[in-house]
Asks: 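Mind having a look at this structure? Questions to follow.
So that the names make sense, note that chain A is the first sequence line, chain B the second, and so on, each numbered from 1.
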2 protein chains.
Amino acid sequence: MPAIGDVARLAGVSKATASRALSGRGHVAADTRRRVQLAASEIGYIASPDAASLVTGRTKNIGVVIPFVNRWFFGAVLDGIERTLLAAGYDLTLYNLPVSGPERSRVFEFFLARKRVDAVIVIGVDLTPGEIGGLERREKPVVCIGGSGEVTARLTIDDHGVGALATSHLLHLGHTRIAHLAGVGATSQPASVAGLRAAGFLETTDAAGLPLLADESSAGGPGAILVEADMGMPAGFAAGLQLLGHPAHRPTAVFAASDEMAFGVIRAAERLGLSMPRDLSVIGVDGHEHAELFDLTTIEQSPTEQGRLAVEVALRMLGGEGGGGGAPDPLPDSGAPMPTRLVVRGSTARPAVA
Amino acid sequence: MPAIGDVARLAGVSKATASRALSGRGHVAADTRRRVQLAASEIGYIASPDAASLVTGRTKNIGVVIPFVNRWFFGAVLDGIERTLLAAGYDLTLYNLPVSGPERSRVFEFFLARKRVDAVIVIGVDLTPGEIGGLERREKPVVCIGGSGEVTARLTIDDHGVGALATSHLLHLGHTRIAHLAGVGATSQPASVAGLRAAGFLETTDAAGLPLLADESSAGGPGAILVEADMGMPAGFAAGLQLLGHPAHRPTAVFAASDEMAFGVIRAAERLGLSMPRDLSVIGVDGHEHAELFDLTTIEQSPTEQGRLAVEVALRMLGGEGGGGGAPDPLPDSGAPMPTRLVVRGSTARPAVA
DNA sequence: TTGAAAGCGGTACCAC
DNA sequence: GTGGTACCGCTTTCAA
């Protein structure tokens with residue numbers, strides 16, 4: 001495997017000049033540069049990133065922590081991150097984080113703590129103070145997308161607002177018995193995405209005078225129902241069957257915390273012979289690429305764009321003079337929430353007259 | 001950031017001894033080892049992988065090349081790979097490969113060519129001879145899952161057999177007008193996954209005496225119809241609408257090259273008011289986690305397990321003495337195809353009597 | 001069993 | 001503008 005010394009020899013210059021000519025740093029005569037570049041491609045020279053990292057302290061590699069690969073939102077974010085990093089000449093090292101357990105701490109205490117990643121992007125994870133502290137101690141910039149934890153840079157939508165908006169939409173249509181399919185941890189982790197969306201739902205129904213019902217089998221009539229489930233489609237389906245199974249207790253509208261859950265609810269409704277939106281209105285969150293196909297009303301966000309931005313922020317934190325401590329806010333719009341948009345489709349409508 | 005010299009000083013030993021004590025290579029007195037380990041954890045020492053790579057020539061990092069993150073099959077494979085690598089102390093560097101264009105060559109000629117990855121796992125990509133040659137020249141073991149290209153290690157199912165099996169299933173049920181929704185490139189790339197499945201379909205229908213119809217609007221009656229589309233759900237939906245739109249030309253069964261396509265077809269059928277399996281039978285491929293939810297008959301494979309195995313193979317190739325040239329076959333079962341299984345659900349049945 | 005010293009492949013500082 | 005050289009942090013002979 002050719003090293004820079006070989007290139008230098010072939011081009012008749014010193015290693016130092018070869019390095020400058022190839023990396024573009026420092027001044028080299030145009031002619032010399034061409035000779036060096038020619039020599040390099042001649043022998044198929046490619047710089048060893050490890051050697052460069054060793055001396056510069058920069059790896060040009062970003063660690064990405066994600067709880068699931070196979071959920072649309074996360075995949076889309078990952079996609080945005082990947083493209084942006086690639087264009088910037090950075091590598092992406094992926095860590096598929098187990099919810100908890102020894103594997104999780106190994107990721108933070110070993111993999112991410114090493115000098116192999118310049119910065120870390122964390123997607124949809126509720127970070128513990130210890131995890132954040134460890135990264136800070138190693139002076140690694142951390143950019144979060146969603147999730148929770150006291151971190152300096154976080155890109156997020158207004159999840160509380162999303163919960164409120166979705167709920168208002170249903171209320172305005174005239175629904176008075178509304179269920180919210182919240183993500184797991186909505187009550188135990190109030191600061192999490194699931195928790196915030198649920199809070200938005202609860203406050204809005206409460207403000208509308210709807211009582212919070214103990215569970216889905218509470219007697220009919222107006223009220224708000226809260227159910228926690230995994231944010232995927234199968235769990236949405238199961239919860240949907242449960243929720244919609246008994247005609248007497250059935251809500252007329254469901255606000256699902258994710259589009260995938262909503263798809264599950266829609267299929268459950270179909271399975272039960274309910275017609276939409278006549279018998280049931282459903283609204284989701286995300287702007288899933290299949291939402292149109294399911295004719296699902298949803299609150300769109302742009303995960304790919306969030307991924308792109310997260311990289312930009314991370315790179316900016318890296319670019320700033322080393323520390324990042326006193327640097328000006330690297331977040332766009334002073335950390336304002338990312339935009340969302342209510343897209344009304346055929347899955348929501350006024351309830352059938354009682 | 002503490003270096004090994006700091007650990008050595010604190011423990012009162014030389015750098016060499018500290019290295020041996022921490023890495024486990026070479027003999028160190030049990031007592032010395034403890035002292036070193038204590039010192040290391042005392043100051044929060046974590047070895048720099050770059051420095052180690054530089055001297056050992058091993059990065060403990062595997063490059064993974066994937067065409068989409070947001071397709072269930074690929075996500076599931078990625079998941080299997082990730083878990084296995086993590087357990088082995090390896091990093092995963094992800095490359096989301098554009099179908100073609102300059103970005104694609106940059107991945108192969110720059111990112112993967114560097115000494116940053118020990119080996120490469122390529123999922124569902126049709127590799128060109130040039131791409132393979134480049135990797136071989138740099139002596140990087142390559143393990144493929146699906147896709148095509150003349151590579152030494154490839155894990156794959158019997159895609160031709162899958163196409164034949166799915167088709168036979170429909171034929172045995174009595175269907176005589178069958179459409180195959182093939183992946184893009186089925187005809188132009190006969191060795192690709194899409195091509196092989198389509199070939200299995202065509203041979204089987206041909207053997208059954210069904211004529212190949214020019215397109216889906218060919219006159220009714222027995223025949224085989226071949227349509228190419230993207231392997232995702234939206235494309236499946238669109239193709240489904242097209243294919244099933246005209247009652248006179250409608251096939252009674254559809255074999256979709258992927259479960260996601262099949263889901264799309266199912267929704268298209270529902271949208272058109274067709275009832276399944278009365279008016280239409282649908283079979284897919286993959287064993288998607290939502291297949292049960294759609295009551296979809298499918299030919300299951302195990303992407304996660306394939307990912308796990310790919311890592312095992314790659315690590316074995318790495319473990320073998322350097323070259324890999326004359327090493328014994330690192331593939332399990334001498335490269336026999338990975339298992340698949342027909343799972344019959346409610347989406348396939350005998351056709352309604354004509 | 002342990003230590004001294006030579007690199008791995010680059011970069012960057014310093015002279016020239 | 002270019003070359004010499006120290007050094008990034010670690011592993012690994014080779015001697016002791």
Asks: Using heavy-atom distances to pick each residue's nearest nucleotide on DNA chain C, tell me which of V28(B) and L54(A) is more 5'.
Replies: V28(B)
Asks: How many Å lie between CG on D31(A) and P on dT2(D), as a whole number?
Replies: 8 Å
Asks: Give a yes or no answer on whether the side chain of R106(A) reaches the backbone of L86(B) with a donor-acceptor pair at less than 3.5 Å.
Replies: yes
Asks: Distances under 3.5 Å only, N/O to N/O: pair up the protein atoms with those of nucleotides 12-16 of chain D.
Replies:
unit_1  : atom_1 : unit_2 : atom_2 : d
dT12(D) : OP2    : R25(B) : NE     : 3.2

Asks: Hey, does the Lys NZ or Arg CZ of R114(A) hover above the aromatic six-ring of F110(A), less than 6.0 Å from the centre and inside 45° of the axis?
Replies: yes
Asks: Quick check for you: to the nearest 0.5 Å, what is the distance between R33(B) atom CZ and R20(B) atom CZ?
Replies: 10.5 Å
Asks: I66(A) and N96(A): side-chain contact (heavy atoms from CB on, under 4.5 Å), yes or no, with the steps?
Replies: CA-CA 5 Å; I66(A) 211 173; N96(A) 200 166; 4.2 Å; yes
Asks: For A314(B) and A119(B), work out which heavy atoms get closest and say how close.
Replies: CB-CB, 4.5 Å
Asks: Can you find a pair of side-chain heavy atoms, one from C144(A) and one from V142(A), that are under 4.5 Å apart?
Replies: yes
Asks: Are S148(A) and D126(A) close enough that a side-chain donor and a side-chain acceptor fall under 3.5 Å?
Replies: yes
Asks: If you take all heavy atoms of L78(A) and L92(A), which pair is closest and at what distance?
Replies: CD1-CD1, 4.1 Å
Asks: Under a 4.0 Å heavy-atom cut-off, which of residues 3-14 of chain A touch DNA chain C?
Replies: A3(A), I4(A)
Asks: Quick check on contacts: within residues 107-114 of chain B, what sits under 4.0 Å from DNA chain D by heavy-atom distance?
Replies: none
Asks: Heavy atoms only: give me the nearest P141(A)-L318(A) pair and the separation to one decimal.
Replies: CG-CD1, 3.5 Å
Asks: Does a side chain donor of either N61(A) or T93(A) reach within less than 3.5 Å of an acceptor in the other side chain?
Replies: yes
Asks: If you walk 5' to 3' along DNA chain C, what is the first nucleotide with an atom under 4.0 Å of a heavy atom in chain A, and what is the last?
Replies: dG9(C) to dC13(C)
Asks: Cation-pi check for F108(A) against R104(A): NZ or CZ below 6.0 Å from the six-membered ring centre and within 45 degrees of the axis, yes or no?
Replies: no
Asks: Please list, chain by chain and in numerical order, all residues satisfying side chain to side chain contact (heavy atoms under 4.5 Å, CB included) with S302(B), sequence neighbours excluded.
Replies: E305(B)
Asks: When the axes are fitted on five pairs at both termini, how much does the helix from dT1(C)-dA16(D) to dC16(C)-dG1(D) curve, in 10° steps?
Replies: 30°
Asks: In whole Å, I'd like the distance from the CG atom of L22(B) to the C1' atom of dT11(D).
Replies: 12 Å
Asks: For S53(A), which contact category applies under a 4.0 Å heavy-atom criterion: base, sugar-phosphate, or nothing?
Replies: nothing
Asks: Decide whether a cation-pi geometry holds between R71(B) and F74(B); the criteria are a distance under 6.0 Å from NZ or CZ to the six-membered ring centre and an angle within 45° of the ring axis.
Replies: no
Asks: Return yes if a side-chain donor-acceptor contact under 3.5 Å exists between T59(B) and D118(B), otherwise no.
Replies: yes
Asks: How close do A310(A) and L155(A) get, counting heavy atoms only, and between which atoms?
Replies: N-CD2, 3.5 Å
Asks: Start at the 5' end of DNA chain D and walk down; is the nucleotide closest to A29(A) or to K115(A) reached first?
Replies: A29(A)
